[in-house]
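The next block holds one structure in the form of structure tokens; read it before the comments.
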Amino acid sequence: MRAVVRSLVAFIAFTGSAPALSAVPVPRIIGNPLGVATSGALFTDAQGYVVLGPSRPDVPTMLDSRTSDGRLRWRAQIPAICDHCSAPGVVQAWPDGTIGPFGEVGRVTVVDRRTGRVRSGCAGAGTAEPATCITVRNTRDPTDPVRGVVATRDGTQVWAFDDPTDAFGLSTDVAMPGPAIAVAGTTVYVTGTKALIAPSTTDGRLLWSMPSTRVLAATTADVLVLRDRRSLGLMDPAGEMKWAIAPTAPLRGLQVDWTRRQMYLAVPVDNGWRTSLRAVRLTDGTTRWARTFPETAVPTGVTAAGQVLVRVNRSRPWISYPEQGRGQLHFGASDSVQALTADGRLRWRLLTAESVTDATELADRSVAVVTGRSAETPGIVLRLTPSRRAAMPRRLSLRVTAVGSVLPISAGIPRVRRLVVRVASPRAIPLVEEQVLRTGVVTEQPVLIPAGVSSFSTVVAGTSVRYRAHGARRPLAAFTVNANGNVRRTT
């Protein structure tokens with residue numbers, strides 16, 4: 001695969017803090033990056049993972065499934081839905097082995113995670129044993145006798161909770177997704193625009209309701225809810241509130257570690273310029289620790305070892321003065337994937353040049369990271385071994401090819417050269433590339449050089465180039481392109 005994960009550096013002055021790169025372990029990358037149909041969310045199972053591309057009107061949704069070692073299992077394409085159609089709900093993995101729902105209300109499909117086959121599916125929540133589909137009927141349909149929650153099994157209605165006056169706000173608006181539904185044990189939690197209701201999964205009998213409440217996650221012992229759009233609370237299955245906290249802003253991300261009784265909240269701070277990640281104890285709602293990240297930080301999953309994976313996306317370059325005494329101004333822009341322990345310590349970090357869309361642990365304890373620039377560009381999947389550090393090469397090979405000038409030299413346009421860098425390594429190597437301009441400004445960006453694949457870097461005459469490992473000051477290789485466009489290796 002010739003594509004190399006890298007980014008363009010925007011030369012925009014933005015005052016901020018640079019990532020602290022020193023003494024941070026970099027996980028080993030397994031093999032070379034894998035190309036997928038598109039970049040997006042990750043769903044995992046015992047055999048591997050599925051990458052779900054973003055869903056947009058008039059554009060097919062792409063799914064790409066691979067085994068844990070990167071072999072392609074299947075690819076699926078979901079036909080585009082019409083614009084302004086009523087979406088069936090939030091796409092997620094269900095206990096019956098499917099991913100969905102896709103399409104629109106009335107024409108719902110799901111994808112089998114094992115085979116990639118697209119078939120008719122459930123527009124709400126599905127249970128595995130017995131296989132039951134729980135949905136909310138559209139109260140605006142005058143031909144439908146039931147206006148509320150309906151449970152069907154093999155196409156036959158099992159029970160229905162009727163809400164003819166729309167007292168709980170279970171109506172599905174034509175331009176909005178349907179209500180959030182979660183099933184845990186013998187209770188189904190359905191979010192209406194007016195209240196959260198909890199019918200029994202056996203007969204549809206209403207157990208309790210709570211106004212202005214939305215279900216976020218549920219187990220047989222706990223129900224995590226959002227009240228009045230700001231107050232986050234934990235209830236028991238009987239509807240009794242255990243505790244409630246009020247985040248300072250709407251949630252940017254949420255992950256729950258039910259095993260260790262801890263959840264991770266990401267909320268924007270400083271008018272959205274930064275993100276505060278808080279670890280909250282599920283026992284009493286108190287904060288165990290908090291960290292502040294530049295720009296957008298979203299927890300994407302919790303590993304079996306209890307480490308929370310966080311994707312950090314930076315849309316603006318940062319400026320720093322990391323090397324005192326040299327008088328150089330450093331520019332850079334990079335996303336990253338970070339792993340924090342349950343007590344808040346940074347376990348490892350990997351800088352990425354492309355935008356990170358998701359990261360999660362696979363069944364073999366490796367971590368899959370999905371990156372990509374846009375929905376139109378094929379995504380890249382990196383597989384990491386967090387328990388082992390990346391091995392850095394002792395030397396980089398170099399080949400130089402002329403790119404040429406757009407205009408003659410007399411017009412003041414400098415010569416340009418293309419550096420072709422290769423590493424002698426059986427696996428992809430994450431490095432940091434620094435270009436030192438004639439003005440003394442240093443631009444740096446992460447570069448991932450796959451094994452046996454060249455990394456191309458265009459360099460203007462009068463520029464020095466350095467390649468170093470993450471967190472290292474001493475470069476592995478350094479080159480200088482003089483005014484005539486000739487390249488000389490300095491390290």
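As the structure is a computational prediction, the values presented were derived from the model and not from experiment. Numbers here are sequence positions counted from 1.
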Item checked: Full working for side-chain contact (heavy atoms from CB on, under 4.5 Å) between Asp222 and Arg261 -> CA-CA 10 Å; Asp222 299 294; Arg261 308 291 296 166; 2.6 Å; yes

Checklist line | Thr187 and Leu207: CA distance, side-chain angles, deciding distance, side-chain contact (heavy atoms from CB on, under 4.5 Å) verdict | finding: CA-CA 8 Å; Thr187 307; Leu207 302 177; 3.8 Å; yes

Item checked: Residues Ser366, Asp364; criterion side chain to side chain donor-acceptor pair (under 3.5 Å); working and verdict -> CA-CA 6 Å; Ser366 64; Asp364 62 359; 2.6 Å; yes

Margin query: I'd like to know if the side chain of Asn313 and the backbone of Val356 have a donor-acceptor N/O pair within less than 3.5 Å.
Written below: yes

Check: Picking from Thr135, Val190, Thr191, what satisfies side chain to side chain contact (heavy atoms under 4.5 Å, CB included) with Ile181?
Finding: Val190

Item checked: Heavy-atom closest pair, residues Arg252 and Pro268 -> NH2-CB, 3.4 Å

Notebook entry, point to check: Could you give the distance from CG (Leu362) to CZ (Arg66), rounded to the nearest 0.5 Å?
Noted result: 12.5 Å

Notebook entry, point to check: Are any of the side-chain heavy atoms of Leu340 and Gln307 separated by less than 4.5 Å?
Noted result: no

Note to self: Which residues pass the side chain to side chain donor-acceptor pair (under 3.5 Å) test with Arg153, not counting sequence neighbours?
What the structure shows: Thr132

Notebook entry, point to check: Rounded to the nearest 0.5 Å, how far apart are OG of Ser39 and CD1 of Ile380?
Noted result: 9.5 Å

Note to self: Do Val188 and Pro199 have side chains that approach each other closer than 4.5 Å (heavy atoms only, starting at C-beta)?
What the structure shows: yes

Checklist line | Backbone N/O of Thr219 and side chain of Trp258: donor-acceptor pair under 3.5 Å | finding: no

Check: side-chain contact (heavy atoms from CB on, under 4.5 Å) with Arg274: which residues, sequence neighbours excluded?
Finding: Val269, Asp270, Thr292

Notebook entry, point to check: Would you say the side-chain atoms of Asp163 pair up with the backbone N or O of Phe168, donor to acceptor, closer than 3.5 Å?
Noted result: yes

Check: Which heavy atom in Gln262 sits nearest to a heavy atom in Ala342, and how many Å separate them?
Finding: NE2-O, 3.0 Å

Check: Is there a side-chain contact between Trp273 and Thr296, using heavy atoms and a 4.5 Å cut-off?
Finding: no

Checklist line | Counterpart residues, side-chain contact (heavy atoms from CB on, under 4.5 Å), relative to Ala304 (two or more places apart) | finding: Glu361, Arg365

Item checked: Main-chain N/O of Gln338 paired to Ser336 side chain as donor or acceptor, under 3.5 Å -> no

Check: Going through the checks in order, is the side chain to side chain donor-acceptor pair (under 3.5 Å) test met by Thr385 and Arg28?
Finding: CA-CA 5 Å; Thr385 304; Arg28 176 172 294 185; over 6 Å; no

Next item on the list: Could you go through the side-chain contact (heavy atoms from CB on, under 4.5 Å) check for Leu224 and Leu254 one step at a time?
Entry: CA-CA 11 Å; Leu224 189 63; Leu254 169 69; 3.7 Å; yes

Notebook entry, point to check: Rounded to the nearest 0.5 Å, how far does OG of Ser65 lie from CZ of Arg113?
Noted result: 10.0 Å

Margin query: Could you work out, with side-chain contact (heavy atoms from CB on, under 4.5 Å) as the rule, every residue matching Ser120, not counting sequence neighbours?
Written below: none

Notebook entry, point to check: Does Arg214 use its side chain to pair, donor to acceptor, with the backbone of Leu196 at less than 3.5 Å?
Noted result: no

Check: Counting only heavy atoms not in Arg388, do more than 12 fall under 6.0 Å of its CZ?
Finding: no

Check: Do Leu216 and Leu232 touch side chain to side chain, with heavy atoms closer than 4.5 Å?
Finding: yes

Notebook entry, point to check: Should Arg349 and Val337 count as side-chain neighbours, where that means a heavy-atom distance under 4.5 Å?
Noted result: no

Note to self: Donor-acceptor check, side chain of Trp348 to backbone of Ser387, threshold 3.5 angstrom: yes or no?
What the structure shows: no

Check: If only atom types and distance count, is the side chain of Trp243 paired as donor or acceptor with the main-chain N or O of Leu282 below 3.5 Å?
Finding: yes

Next item on the list: Verify, without hydrogens or angle tests, whether Thr61 (side chain) and Ile78 (backbone) share a donor-acceptor contact under 3.5 angstrom.
Entry: no

Notebook entry, point to check: Between the main-chain N or O of Ala359 and the side-chain N or O of Thr300, is there a donor-acceptor pair closer than 3.5 Å?
Noted result: yes

Next item on the list: To the nearest 0.5 Å, tell me how far Glu240 CD sits from Leu234 CG.
Entry: 12.5 Å

Check: Does Arg278 use its side chain to pair, donor to acceptor, with the backbone of Met263 at less than 3.5 Å?
Finding: no

Checklist line | Counterpart residues, side chain to side chain donor-acceptor pair (under 3.5 Å), relative to Asp69 (two or more places apart) | finding: Thr67, Arg71

Note to self: Would you compute the distance between atom OG1 of Thr303 and atom CZ of Arg347 and round it to the nearest 0.5 angstrom?
What the structure shows: 10.0 Å

Margin query: Suppose we screen for side-chain contact (heavy atoms from CB on, under 4.5 Å). Which residues come up paired with Thr202, at least two apart in sequence or across chains?
Written below: Ser200

Margin query: Run the salt bridge (Lys or Arg N to Asp or Glu O under 4.0 Å) test on Asp257 and Arg260 for me, step by step, so that the C-alpha distance in whole Å, both residues' side-chain angles and the decisive distance to 0.1 Å come before the verdict.
Written below: CA-CA 6 Å; Asp257 186 350; Arg260 296 164 185 82; 3.1 Å; yes

Note to self: Just so I know, are the side chains of Asp64 and Leu52 near enough to count as touching, which here means a heavy-atom distance under 4.5 Å?
What the structure shows: no

Item checked: Heavy-atom closest contact (Thr352 atom, Glu354 atom, distance) -> OG1-O, 3.1 Å

